[in-house]
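Take a look at the structure below.
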Amino acid sequence: DQAFYNCTGFDGYIRLSNKLESIGGWTFGNCSKLVGDLIIPDSVTNILDSTFRNCSSLNGKLVISNNITKLEEGVFSDCSNLVGELVIPAGVKTIGKAAFQQCEKLNGKLVLPEGLEYIGDFAFNKCTSFENTTIKIPASLKKMGEDYDLNGNNVGIGSHFFYNFGANVRKFETFEVENGNENFVAIDGVLYTKDLKRLVCYPRNKKDTTYEIQEGVELLDQMSIASNMTLQTLVIPDSLIIERKTYPGFTWENDQPLIFSLYNYNAIQNIETKETNPNYKSVDGVLYTKDLKELVYISSGRTKEVIIPNGVETIRERSIYWSQVARNVSKIAMVLIIISILTYVIPLLMGEFDFGVVFEIISLIFLLISNSFMGKYNETRAKRYLICSMVAIGWILIYDLISLLTSIASGVDIFIAGYAYGGGEFLTIAYLILLFKINNDLANADNPTKYKEKMDWFYEGYDENKENK
């Protein structure tokens, strides 16, 4: 194991001997400068976990030994520049967790071979260039994900199996399950377990604007519906209980199933119920308890106003899931502050140093830290660093205001002084206004009573050609 792990100086081609029989775990892990094809000869019968993980510069084709029966966890994860069609050998019975995660340039049509028995979590997560319109689940497939006990039954649970699959191509519309499979079923192109207790995956580019989850479903896999941007209305079954549960440690462990499934990448405006639902009632697409005393959930994809009915007494924790809050606005703010910093370059070259540039750089650093916490859905720390950014930039404006008033008091023409100080602060003022706007939306995201959802830019901008998670 780990024979060449983290040898980031290796920058040539990799050639494996046709007498090689086994490759240990992490053998070439993080060899991020290796280039060319990755051809694993048929003499190899065993490849352990993460063998080629993060060999991100391999930019040729991938050929897997025909004598491999198990693709271990993370074996090709983050080999993001491998190209061409992926051929999974006919003898493969197991595709481990994250085996092909973020192999973004593998293309063609993914074929899961008959004889395959297991697919691990994250197996094809962010494989964005596959061209399938349909993924066919072989009759032999027995299990996807992990064991999970729900109400005394092992219904299983999974995460990110095909999240953002084919995102760059936008063709993936349906699942099919081959005849004879005793464990899974596809209904209207959506993948469920055979007993209909678990929704496994909703195709990313399925064209329906309204979808009703099958009655009997008790569990939604993590990210199972996330990233479809066509679906507008989701009808939940009477059997689904919306309460926080302890899940295996995927991306998070303790949440309710709609957050777990929809995440913050969706365009769903309305969560609807049927009249027969004994536990929940939908009003204008917002989910409440049947007695309308508790607000249960508002879709993170919703962009229209929410008016909470009279009589609602409680807003459940995380009923409004924190989306990719204000990250697009923060990017605009970054552009403004960088441009403002660049305006100091010419004076610096001429030997004129302005201490304001130091505060602007400090402010930018705080904003970058704040933005990173937005990406981690930690609004508390995001706001903390955002306020630091505002304080740093505020010092510049206070200093320049004092300088302006001093100049006017000393007899300098008000228009000249205004041009010298006020005109040069346009970008800084615009930047500060954006910071206040971001801070306001962060506060609204964490305060359901203020929540109105009137601003589309409040959410992470959806880009069909790039995964932003």
Side-chain angles (χ1 to χ4, degrees), residues 150-151 190 196-199 202 208-226 228 230-247 252 254-325 377 379 440-456 458-459:
L150 183 66
N151 302 323
V190 179
L196 293 183
K197 291 186 179 295
R198 171 184 162 202
L199 190 157
Y202 186 96
D208 296 345
T209 57
T210 299
Y211 183 74
E212 181 177 329
I213 297 173
Q214 293 294 307
E215 193 57 61
V217 167
E218 299 178 1
L219 187 68
L220 309 176
D221 274 7
Q222 188 184 35
M223 312 295 278
S224 55
I225 302 176
N228 183 295
T230 303
L231 186 61
Q232 299 287 307
T233 299
L234 182 67
V235 183
I236 65 170
D238 297 354
S239 53
L240 187 65
I241 303 300
I242 311 301
E243 62 184 15
R244 297 186 74 171
K245 297 182 178 71
T246 300
Y247 296 108
W252 58 91
N254 182 16
D255 237 319
Q256 54 102 325
L258 288 174
I259 289 177
F260 204 68
S261 172
L262 302 182
Y263 197 47
N264 62 354
Y265 298 118
N266 68 85
I268 295 172
Q269 300 292 319
N270 304 302
I271 305 294
E272 299 287 352
T273 59
K274 295 178 287 189
E275 289 295 328
T276 54
N277 196 306
N279 302 302
Y280 307 106
K281 182 180 179 65
S282 179
V283 177
D284 190 30
V286 177
L287 191 64
Y288 300 88
T289 52
K290 190 76 169 183
D291 59 8
L292 293 182
K293 291 187 176 181
E294 291 185 66
L295 190 158
V296 177
Y297 182 69
I298 301 172
S299 173
S300 60
R302 187 179 174 107
T303 56
K304 58 185 179 180
E305 184 177 72
V306 173
I307 299 175
I308 300 174
N310 291 331
V312 172
E313 299 174 355
T314 304
I315 297 175
R316 284 190 184 178
E317 185 179 7
R318 292 171 72 81
S319 59
I320 304 164
Y321 184 59
W322 193 66
S323 212
Q324 286 271 17
V325 177
Y377 320 111
E379 67 273 12
N440 179 63
D441 289 320
L442 282 167
N444 286 349
D446 197 34
N447 188 341
T449 62
K450 297 179 182 178
Y451 188 72
K452 293 296 182 184
E453 287 188 329
K454 289 182 178 178
M455 298 159 290
D456 291 347
F458 178 82
Y459 295 95

Going by distance alone, is a donor N or O of one side chain under 3.5 Å from an acceptor N or O of the other, for [X] and [Y]?
{"X": "Ser224", "Y": "Ser261", "answer": "yes"}
{"X": "Thr209", "Y": "Gln232", "answer": "no"}
{"X": "Ser299", "Y": "Asn266", "answer": "yes"}

Would you indicate whether the side-chain heavy atoms of [Y] and [X] approach each other to under 4.5 Å?
{"X": "Asp255", "Y": "Arg318", "result": "yes"}
{"X": "Leu240", "Y": "Leu199", "result": "no"}
{"X": "Ile241", "Y": "Gln256", "result": "no"}
{"X": "Val283", "Y": "Leu292", "result": "yes"}
{"X": "Ile242", "Y": "Pro257", "result": "yes"}
{"X": "Thr289", "Y": "Arg316", "result": "yes"}
{"X": "Glu272", "Y": "Thr210", "result": "no"}

Return a table of donor-acceptor pairs under 3.5 angstrom between the side chains of residues 214-221 and protein atoms on other chains or two or more places apart.
from	atom 1	to	atom 2	distance (Å)
Glu215	OE1	Asp238	N	3.0
Glu215	OE1	Lys274	NZ	2.5
Glu215	OE2	Asp238	N	3.1
Glu215	OE2	Ser239	N	2.9
Glu215	OE2	Ser239	OG	3.3
Glu218	OE1	Asn151	ND2	3.4
Asp221	OD1	Gly158	N	3.2
Asp221	OD1	Arg198	NE	2.9
Asp221	OD2	Gly158	N	3.4
Asp221	OD2	Arg198	NE	3.2
Asp221	OD2	Arg198	NH2	3.0

Closest heavy-atom contact between Pro237 and Ile213?
CD-CB, 3.6 Å

Please identify each residue that fulfils side-chain contact (heavy atoms from CB on, under 4.5 Å) with Glu317, with sequence neighbours left out.
Arg244

Who are the ring-ring contact (aromatic ring centres under 6.0 Å, His included) partners of Tyr211, not counting sequence neighbours?
Tyr202

Calculate, to the nearest 0.5 Å, the distance between atoms [atom1] and [atom2] belonging to [X] and [Y] respectively.
{"X": "Thr273", "Y": "Lys281", "atom1": "OG1", "atom2": "NZ", "result": "7.0 Å"}
{"X": "Glu313", "Y": "Leu295", "atom1": "CD", "atom2": "CG", "result": "12.5 Å"}
{"X": "Thr233", "Y": "Asp208", "atom1": "OG1", "atom2": "CG", "result": "11.0 Å"}
{"X": "Tyr297", "Y": "Arg302", "atom1": "OH", "atom2": "CZ", "result": "11.5 Å"}

Taking Glu212 for the side chain and Ile236 for the main chain, is one N or O donor matched with an acceptor at less than 3.5 Å?
no

Go through Ile271 and Leu262 one step at a time and tell me if the side chain to side chain contact (heavy atoms under 4.5 Å, CB included) criterion holds.
CA-CA 11 Å; Ile271 305 294; Leu262 302 182; 4.2 Å; yes

Begin from the C-alpha positions of Leu258 and Leu287 and carry the test side chain to side chain contact (heavy atoms under 4.5 Å, CB included) through to its verdict.
CA-CA 11 Å; Leu258 288 174; Leu287 191 64; 4.1 Å; yes

